Amino acid sequence: MKRLAILTSGGDCSGMNATIRAAARTAIANNIEMIGYRKGYAGLLKNEYIVLNSRTVSGILQRGGTFLQSARSAEFRTEEGRRKALDNLRSEKVEGLIVIGGDGSLNGALALDKMGFPVIGIPASIDNDIAYTDMALGVDTALNNIIYAVDCIKDTASSHDRAFIVEVMGRNSGYLASTTAVATGAEFAIVPEVELDLNEMCHQLRQRYDEGRTNALIIMAEGAGRAQEVADGIKNAVGFETRVTVLGHYQRGGAPSVFDRLLASRFGMKSVELLLAGTKGVMIGLAANSLTVTPLEMIVNGGQKKLSDDLLHMAEILGI
Ligand code: F6P
C-alpha cells in the first residue's frame with residue numbers, strides 16, 4: 001500500500017484529532033502517505049484533502065473537535081454520491097479509508113465496503129450508543145465535562161434550596177444522563193429508554209423533601225422529554241424552587257481526557273495496522289480493555305447499543 005485516507009464524519013468529539021495523528025504517524029512509520037479529507041464525506045465528494053505529514057498532525061493531540069472538520073452529507077447518502085466518492089478515491093490512488101464517526105458515518109463506511117473499497121471504522125459519538133464497543137471516542141471527555149458542570153450547579157442547588165433539572169445530550173440515548181447521575185449523586189436520571197412517570201417521581205421527591213432534603217439534582221437526557229415540564233411539575237407538586245440548565249454543545253468539546261487520548265491513539269494505530277494486514281470492512285472496538293474488530297455489517301444492522309439495566313438500577317438506588 002502506498003496511500004491511505006482518513007476522514008471525520010457526523011458530530012465532532014474530543015479524541016478525533018488524536019486518532020488522526022496516531023493513524024497518520026503509523027502510516028508514515030510504514031512509508032505510506034496519509035491524506036485527510038476535509039468535512040467528512042462532503043470533502044471526499046469534492047475531493048478536498050490535505051496531506052497529513054508528521055508536521056501537519058503535530059500539536060493536535062490535545063485539541064478537541066476535529067481539525068479536518070466534520071459534516072453530515074446528504075449527497076453521500078445517495079447511490080450516485082457514493083459512486084462519485086469511490087471514483088474520487090480511486091483517481092487519487094487511495095487504497096484504504098479510515099472513517100471516524102457515529103452510526104450514520106459507519107453506515108456510509110459499510111456502503112463503500114460493499115462497493116469493494118477497503119474501509120475501517122472507528123466509533124466516535126459521545127452518546128456511547130454504538131454496539132460492539134464498551135466505549136466510543138469522546139464519551140469519557142463528555143462525561144468529565146458534564147460532571148464538572150453539574151458539581152458547580154450542585155453548589156448553587158444547595159446554597160439556595162433548589163431542585164435543578166440539568167439537560168444533557170442524548171437524543172435517543174440515556175447513557176450520559178444515567179452515568180453522570182451516578183457520578184454526581186443526582187436524585188434521578190430521566191432517559192429516553194424508560195418512560196417517565198412524573199407523578200411518581202414527584203411523589204418520591206416530596207417524601208424526601210418532607211424528610212428534610214433541601215435540594216435535588218435531576219439529570220435528564222435531551223431526548224427524554226421537556227425539562228421545563230419536569231421543573232414545573234416538581235415546583236407544583238413538591239415545593240422546591242426549580243431551575244433548568246441545558247448544557248448543550250459545551251459537553252462535546254474541550255481537551256480530550258487521558259482515557260480518550262489513549263483510546264484514540266490505540267484506535268488510530270490499529271486502523272492502519274489492520275489495513276496493512278489486509279483486514280477491511282470492520283469497526284475497531286474496545287472490550288475488557290482490549291481492542292476488538294467487528295464486521296461493519298453487524299454494527300449497522302445490529303441497531304443501537306442497549307442502555308445497561310445495571311446502570312439504571314444503580315442510578316435509582318444511589319439516588320434515594
Ligand atoms: O450524537 C451526538 C450528539 O451530540 C447527540 O447527543 C445530540 O443529540 C446530537 O449529537 C446533536 O447534534 P448537532 O450537533 O448536529 O446539533
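First listed ligand is number 1; within each ligand, the first listed atom is number 1. Here the structure is a predicted model, which means the values were calculated and not measured.
A heavy-atom separation below 4.0 Å is not found between Gln251 and ligand 1.
The local environment of CE in Met269 is sparse, with at most 12 non-hydrogen atoms from other residues, nucleotides or ligands closer than 6.0 Å. Heavy-atom neighbours of Lys305 NZ from other residues, nucleotides or ligands within 6.0 Å: above the threshold of 12. A 6.0 Å sphere centred on NZ of Lys154 holds more than 12 heavy atoms belonging to other residues, nucleotides or ligands.
Across Arg206, Gln207, Glu200, a single residue satisfies side chain to side chain donor-acceptor pair (under 3.5 Å) together with Gln204, and that is Glu200.
For Arg252, the side chain to side chain donor-acceptor pair (under 3.5 Å) partners two or more places apart in sequence, or in a different chain, are Asp12.
Of the protein's non-hydrogen atoms, the one nearest atom 1 (O) of ligand 1 is Asp127 OD2, 3.0 Å. Nearest to atom 11 (C) of ligand 1 among the protein's heavy atoms is Arg252 NH1, 3.6 Å. Protein heavy atom in closest approach to atom 15 (O) of ligand 1: Arg72 NH2, 2.8 Å. Remark: minimum distance from atom 9 (C) of ligand 1 to any protein heavy atom is reached at Arg171 NH2, 3.5 Å.
At a heavy-atom cutoff of 4.0 Å, ligand 1 is contacted by the side chain of Glu222 but not by its backbone.
Using a 4.0 Å cut-off to heavy atoms of His249, the atoms of ligand 1 that qualify are 13 (P), 14 (O), 16 (O). For ligand 1 and Gly170, the ligand atoms under 4.0 Å from any heavy atom of the residue are 6 (O).
With 3.5 Å as the limit, one finds no donor-acceptor pair spanning the side chains of Ser158 and Asn215.
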